[in-house]
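Before any comments, here is the structure.
The first residue in the sequence is number 1, and the count goes up from there. Predicted model, so just to flag it, every value in this text is computed and none were measured.
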Amino acid sequence: MSTAALGKEVSRAERLRVLRQMDDNKLYFNTFSGRAKSKIAINRDSYDVTANVRIERDKAIWISVTALMGIEAARVLITPDSVKVINRLQAEYISKPFEYLYNFTNDELDFFSLQELLVGNVVHQTVSRDTEVWTSESGYLLRSQHNDLQCSVKLDTNYRPTYTLLNDVIRNQRMEAYYADYQFSEAQVFPSHVKISIAAEAFKLQSEMHYSRLVYNEALDMPFTIPTRYKAIQ
């Protein structure tokens, strides 16, 4: 992207102000629970589903995906150490260390960044003393380089993310997130429309979610039991 397309790079003082405002406008929570009508595409297959997302901050991400008639198709449990997926349609499961995700994303993307991406916060890899901040009529653009990972974040004029890009050119891995339709709920502002895509070698995932229910800071259950008859995917 050319510097003309970016707009104007801000001064150091303005950069610090923008980063502070961004931090003040982020979503803070101990627990998060959301329900969303979703469209999920994995490679060439596409599904219309309902996703229930639960997050216990810095501890666990739990996702249940239900298809027509309320039948659960898949369940996911991600912790800072592990990734577990139950595929109920195929009676299969995955149980791997967190590093399994690096087959699809840059290894700079840790659990804590993943949870921030899901709720529309700016990932920590984007913010450093070398972060560039550019301004335009539509808001601000943050750019940074974190080892092999190129990070870009667009903020609106209220300092809320509308777009995040994590790009690893060397490994040909790209993750994008779009955020829109910010709404107030329980004194929080949340993007009710979230699109996340992951592109890696021989793998492509796209998820578009329209949230209809949001709850913060309530006790959560994250049940996850793998039936003994299910086959492990290696």
Side-chain angles (χ1 to χ4, degrees), residues 1 5-7 18-42 46-57 61-68 70 74 76 78 105 109 112-124 126-127 133-143 151-167 174-199 204-218 220:
M1 184 180 293
L6 290 174
V18 171
L19 295 178
R20 282 197 300 267
Q21 289 281 3
M22 180 192 74
D23 193 59
D24 289 343
N25 283 277
K26 71 186 296 185
L27 181 70
Y28 288 94
F29 64 93
N30 292 318
T31 65
F32 166 89
S33 178
R35 180 181 177 87
K37 292 292 184 183
S38 309
K39 180 179 287 292
I40 298 175
I42 302 174
S46 181
Y47 311 91
D48 291 312
V49 299
T50 298
N52 287 282
V53 181
R54 300 174 186 173
I55 302 175
E56 185 175 4
R57 187 165 189 84
I61 298 167
W62 181 95
I63 302 172
S64 174
V65 177
T66 56
L68 295 175
V76 179
I78 303 174
T105 67
L109 186 77
F112 311 101
S113 297
L114 180 59
Q115 75 178 357
E116 299 295 72
L117 273 172
L118 289 174
V119 300
N121 285 337
V122 175
V123 298
H124 66 82
T126 305
V127 182
V133 178
W134 298 70
T135 182
S136 67
E137 292 183 359
S138 60
Y140 301 91
L141 174 69
L142 281 57
R143 297 197 312 175
C151 306
S152 298
V153 174
K154 292 181 180 179
L155 306 176
D156 63 18
T157 53
N158 292 312
Y159 309 97
R160 300 177 304 214
T162 59
Y163 173 73
T164 294
L165 168 65
L166 303 176
N167 190 29
R174 183 181 181 95
M175 176 179 284
E176 295 176 277
Y178 297 84
Y179 308 101
D181 298 335
Y182 277 89
Q183 310 223 356
F184 280 97
S185 175
E186 298 186 23
Q188 298 268 24
V189 180
F190 185 85
S192 60
H193 185 190
V194 178
K195 294 176 15 179
I196 295 177
S197 67
I198 298 173
K204 187 173 183 180
L205 168 68
Q206 293 181 309
S207 171
E208 183 169 5
M209 308 174 72
H210 294 267
Y211 281 91
S212 60
R213 180 179 180 272
L214 301 168
V215 179
Y216 305 98
N217 302 327
E218 291 189 357
L220 295 179

- Go through the structure and list residues passing side-chain hydrogen bond (donor to acceptor under 3.5 Å, both in side chains) with S113, not counting sequence neighbours. D110, H124, Q125
- Message: Just verifying a value: how many Å separate L214 CG and S192 OG, rounded to the nearest 0.5 Å?
- Response: 8.0 Å
- Do I61 and V76 touch side chain to side chain, with heavy atoms closer than 4.5 Å? no
- Query: Judged by atom type as modelled, is there a donor-acceptor pair below 3.5 Å linking the side chain of N217 to the main-chain atoms of N30?
  - Reply: yes
- Query: Rounded to the nearest 0.5 Å, how far apart are CZ of R143 and SG of C151?
  - Reply: 12.0 Å
- Partners of D24 by salt bridge (Lys or Arg N to Asp or Glu O under 4.0 Å), sequence neighbours excluded? none
- Item | Pairwise side-chain contact, N158 with V189, heavy-atom cut-off 4.5 Å (strictly under) | no
- Nearest 0.5 Å, what's the CG-CD1 distance between L118 and I78? 7.5 Å
- Message: Surrounding CZ of R35 (heavy atoms of other residues, nucleotides or ligands, distance under 6.0 Å), is the total greater than 12?
- Response: no
- Indicate the atoms forming the closest heavy-atom contact of Q183 with D181, along with that distance. CG-O, 3.1 Å
- Supply the atom-to-atom distance S38 OG to Y47 OH, rounded to the nearest 0.5 angstrom. 14.5 Å
- Work out which heavy atom in N25 is nearest to a heavy atom in Q21; give both atom names and the distance. ND2-O, 2.7 Å
- Item | Contacts of K37 that satisfy salt bridge (Lys or Arg N to Asp or Glu O under 4.0 Å) - sequence neighbours left out | none
- Side-chain donor or acceptor of T31 paired with backbone N/O of E218 under 3.5 Å: yes
- Task: List in chain and number order the residues that pass ring-ring contact (aromatic ring centres under 6.0 Å, His included) with F112, two or more places apart in sequence or in another chain; answer none if no residue qualifies.
- Result: none
- Residues two or more places apart in sequence or in another chain: which of them pass side-chain contact (heavy atoms from CB on, under 4.5 Å) with T157? none
- Query: Residues in side-chain hydrogen bond (donor to acceptor under 3.5 Å, both in side chains) with E56, at least two apart?
  - Reply: none
- Residue pair L117, L109: steps toward the side-chain contact (heavy atoms from CB on, under 4.5 Å) verdict: CA-CA 10 Å; L117 273 172; L109 186 77; 3.9 Å; yes
- Query: Atom OH of Y182 and atom CD of Q188: how far apart are they, to the nearest 0.5 Å?
  - Reply: 12.0 Å
- Item | Qualifying residues under side-chain contact (heavy atoms from CB on, under 4.5 Å), relative to V119, sequence neighbours excluded | L27, F29, F32, I55, E116, N121, F190
- Item | Pairing residues for T162 by the side-chain contact (heavy atoms from CB on, under 4.5 Å) criterion, not counting sequence neighbours | K154, D156
- Residues two or more places apart in sequence or in another chain: which of them pass side-chain contact (heavy atoms from CB on, under 4.5 Å) with V127? L19, M22, V122
- Those residues that, when tested against Y159, pass side-chain hydrogen bond (donor to acceptor under 3.5 Å, both in side chains) (two or more places apart): R17
Can you give each donor-acceptor pair under 3.5 Å made by side-chain atoms of residues 204-213, sequence neighbours left out, with the distance rounded to 0.1 Å?
| from | atom 1 | to | atom 2 | distance (Å) |
| --- | --- | --- | --- | --- |
| E208 | OE2 | H193 | NE2 | 2.7 |

- What one should report as the nearest heavy-atom pair of P161 and G120 is CG-O, 3.3 Å
- Go through the structure and list residues passing salt bridge (Lys or Arg N to Asp or Glu O under 4.0 Å) with R174, not counting sequence neighbours. E176
- Message: In the structure I gave you, are the side-chain heavy atoms of T105 and L114 within less than 4.5 Å of one another anywhere?
- Response: no
- Query: So, do L220 and S33 sit near enough that their side-chain heavy atoms are less than 4.5 Å apart?
  - Reply: yes
- Task: Provide the closest heavy-atom pair for S185 versus Y216 in the form atom of the first, atom of the second, distance.
- Result: O-CE1, 3.4 Å
